[in-house]
Amino acid sequence: MKKSGFRLSQINQQRWQKFKHNRKSYWSLWLFGFLFSICLFAEIVANDKPVLIQFNDEFYFPLMIEYSETDFGGEFDLAADYRDPYMAEIIEADGWMIWPIIPYSYSTINYDLPTPAPSAPTAENWLGTDDKGRDVLALVIYGFRLSVLFGFAVTIISAVIGVTLGAVQGFYGGWVDLGLQRFMEVWGGLPQLFMLIILVNFITPNVAWLVLITTLFGWMGFVGVVRAEFLRSRNFEYVIAAKAMGMSDSRLMFKHILPNAMVATMATMPFVLSGSVTILTSLDFLGFGLPPGSPSLGELLAQGKSNIQAPWLGLTAFVSLGVILMLLVFIGEGVRDAFDPRSSLKR
């Protein structure tokens with residue numbers, strides 16, 4: 001058992017060295033991790049509420065707790081609007097506020113624009129505003145996080161379903177394999193985007209529903225590679241010996257054969273992730289995705305199409321999506337090469 005564990009560690013080290021040897025994929029992983037880390041804590045980076053308030057020798061945390069105006073000596077028992085000059089004057093008279101780098105959330109409307117919305121980039125709105133007066137950079141940060149988390153959710157759920165069905169197909173073969181293959185041929189022949197649009201029309205779209213609907217088609221990308229590995233491995237001597245010793249099918253499938261199939265599964269996941277981000281963007285662009293007011297890169301693309309006189313909208317959305325998809329594809333190529341036993345390190 002110790003020898004097997006040591007060997008597995010050595011294999012993983014070799015895979016990591018292969019991945020690092022691919023400089024494009026290696027630096028793409030670091031850049032994607034850096035950008036995603038920033039966007040993961042978007043509320044601290046871009047928000048219309050201060051990160052920390054010191055008032056009358058007491059500390060307040062508006063990002064976690066909602067305070068009213070009366071808590072700071074105001075007149076109304078309403079949620080405090082920290083961007084209101086009156087409220088800012090009251091707080092700064094007996095304390096101070098620490099604001100995020102970008103003092104706007106994705107839904108914050110800037111009413112003090114120098115020109116009608118959409119407004120061009122300024123020192124206050126670094127990438128300008130959209131046609132509703134919202135800060136574009138804040139939209140990109142929140143939209144980046146939502147798109148990537150959506151892609152992660154779809155990829156993980158699709159992987160669980162696809163790996164399970166592929167394992168069942170490849171292990172049992174026969175009519176089980178034939179029936180599932182015919183079903184996949186019919187299901188895969190449906191126009192995916194049109195089917196998603198039709199299904200979305202029957203419900204009130206939100207992130208959970210969109211993840212569920214997208215997963216209806218996303219799992220098929222994992223079935224083929226897992227099925228092929230199980231078809232190849234089910235006739236190995238150790239599998240036949242385990243059957244003869246009375247080992248259950250489920251234990252044999254998921255403990256002994258599945259680890260071999262996970263190599264191809266791991267190499268497929270980054271590409272499914274990028275495809276999920278593209279699907280969400282397409283639905284939002286066509287107006288069938290997230291509810292209005294959500295931080296959406298697809299909606300930003302649609303605004304760029306509708307406001308040709310504001311090129312910063314289309315360029316920002318295009319560059320943001322391009323960077324996300326490019327980094328994910330580069331990472332996927334590196335993972336694929338690292339798990340490929342036929343590839344070797346070259347000086």
Side-chain angles (χ1 to χ4, degrees), residues 35-36 38-53 60-69 76 78-88 97-150 200 204-211 277 280-281 283-307 310 312-314 316-317 320-321 324:
L35 295 175
F36 183 61
I38 293 177
C39 296
L40 193 61
F41 300 97
E43 285 80 8
I44 300 177
V45 178
N47 210 316
D48 56 1
K49 298 179 180 179
V51 178
L52 178 65
I53 296 178
Y60 298 84
F61 304 91
L63 296 183
M64 296 182 291
I65 303 174
E66 183 175 304
Y67 301 102
S68 64
E69 291 186 6
F76 300 102
L78 300 173
D81 181 5
Y82 303 99
R83 294 179 53 83
D84 186 354
Y86 170 73
M87 182 58 57
M97 294 185 291
I98 298 178
W99 284 88
I101 299 175
I102 304 169
Y104 297 97
S105 183
Y106 68 89
S107 58
T108 306
I109 299 177
N110 187 356
Y111 294 100
D112 298 324
L113 295 174
T115 59
S119 178
T122 61
E124 186 176 0
N125 302 108
W126 298 346
L127 295 179
T129 64
D130 65 357
D131 56 7
K132 298 180 179 65
R134 300 176 297 180
D135 186 76
V136 173
L137 183 54
L139 283 171
V140 170
I141 293 175
Y142 282 88
F144 184 106
R145 181 179 67 176
L146 181 59
S147 299
V148 174
L149 291 179
F150 174 86
V200 166
T204 301
N206 54 42
V207 177
W209 273 112
L210 289 177
V211 168
V277 173
L280 178 63
T281 304
L283 290 174
D284 289 337
F285 177 77
L286 297 173
F288 296 99
L290 296 170
S294 302
S296 167
L297 297 179
E299 183 190 359
L300 195 61
L301 271 177
Q303 289 196 26
K305 174 178 174 292
S306 304
N307 299 276
W312 56 89
L313 296 176
T316 300
S320 302
L321 285 171
I324 295 174

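In this chain, residues are counted from 1 in sequence order.
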For Val140 and Ser320, the nearest pair of non-hydrogen atoms, with its separation, is CG1-OG, 3.4 Å
**Prompt:** Parallel, tilted or perpendicular: which describes the rings of Tyr60 and Tyr67, with under 30° parallel and over 60° perpendicular?
**Reply:** perpendicular
d(Leu321 CG, Leu300 CG) to nearest 0.5 Å is 8.5 Å
| task | Kindly check if the number of other-residue, nucleotide or ligand heavy atoms within 6.0 Å of CH2 (Trp99) is above 12? | result | yes
To the nearest 0.5 Å, atom CH2 of Trp126 lies from atom CD1 of Ile101 at 6.5 Å
Using a 4.5 Å cut-off on heavy atoms from C-beta on, say whether the side chain of Glu299 contacts that of Asp130. no
* To do: May I ask you to test the Phe150-Val211 pair for a side-chain heavy-atom distance under 4.5 Å?
  => yes
What I'd like to find out is whether the side chain of Ile141 reaches to under 4.5 Å of the side chain of Cys39, using heavy atoms alone.
yes
Between Ile44 and Val51 the two heavy atoms that sit nearest each other are O-CG2, 4.2 Å
Nearest heavy-atom contact between Tyr82 and Ile53 is CE2-CD1, 3.4 Å
Nearest heavy-atom approach of Thr115 to Ala120 is OG1-N, 4.4 Å
Rounded to the nearest 0.5 angstrom, the CD-CG distance for Glu124 and Asn110 is 5.0 Å
Value for OG1 (Thr129) from CG (Leu137), rounded to nearest 0.5 Å, stands at 12.5 Å
Between the OG atom in Ser107 and the CG atom in Asp48, the distance rounded to the nearest 0.5 Å is 6.5 Å
- Crowding at NZ, Lys132 (>12 non-hydrogen neighbours, <6.0 Å): yes
Distance col, row Leu139:CG vs Leu313:CG, nearest 0.5 angstrom, shows 9.5 Å
query: Arg134 side chain to Pro295 main-chain N or O, any donor-acceptor pair under 3.5 Å?
result: no
What one should report as the nearest heavy-atom pair of Ser296 and Leu290 is CB-CD1, 4.5 Å
| task | Determine yes or no for a side-chain-to-main-chain donor-acceptor pair under 3.5 angstrom, with Asp135 supplying the side chain and Ala138 the backbone. | result | yes
Heavy-atom closest pair (Glu43 atom, Leu40 atom, distance to 0.1 Å) is OE1-O, 4.4 Å
- Item | Exam field: side chain Tyr104 to backbone Asn125, donor-acceptor pair closer than 3.5 Å | no
Tell me if a side-chain donor or acceptor on Gln303 pairs with a main-chain N or O of Asp131 at a distance below 3.5 Å.
yes
- request: For Tyr111, look at atom OH and say whether over 12 heavy atoms of other residues, nucleotides or ligands are found less than 6.0 Å away.
  value: no
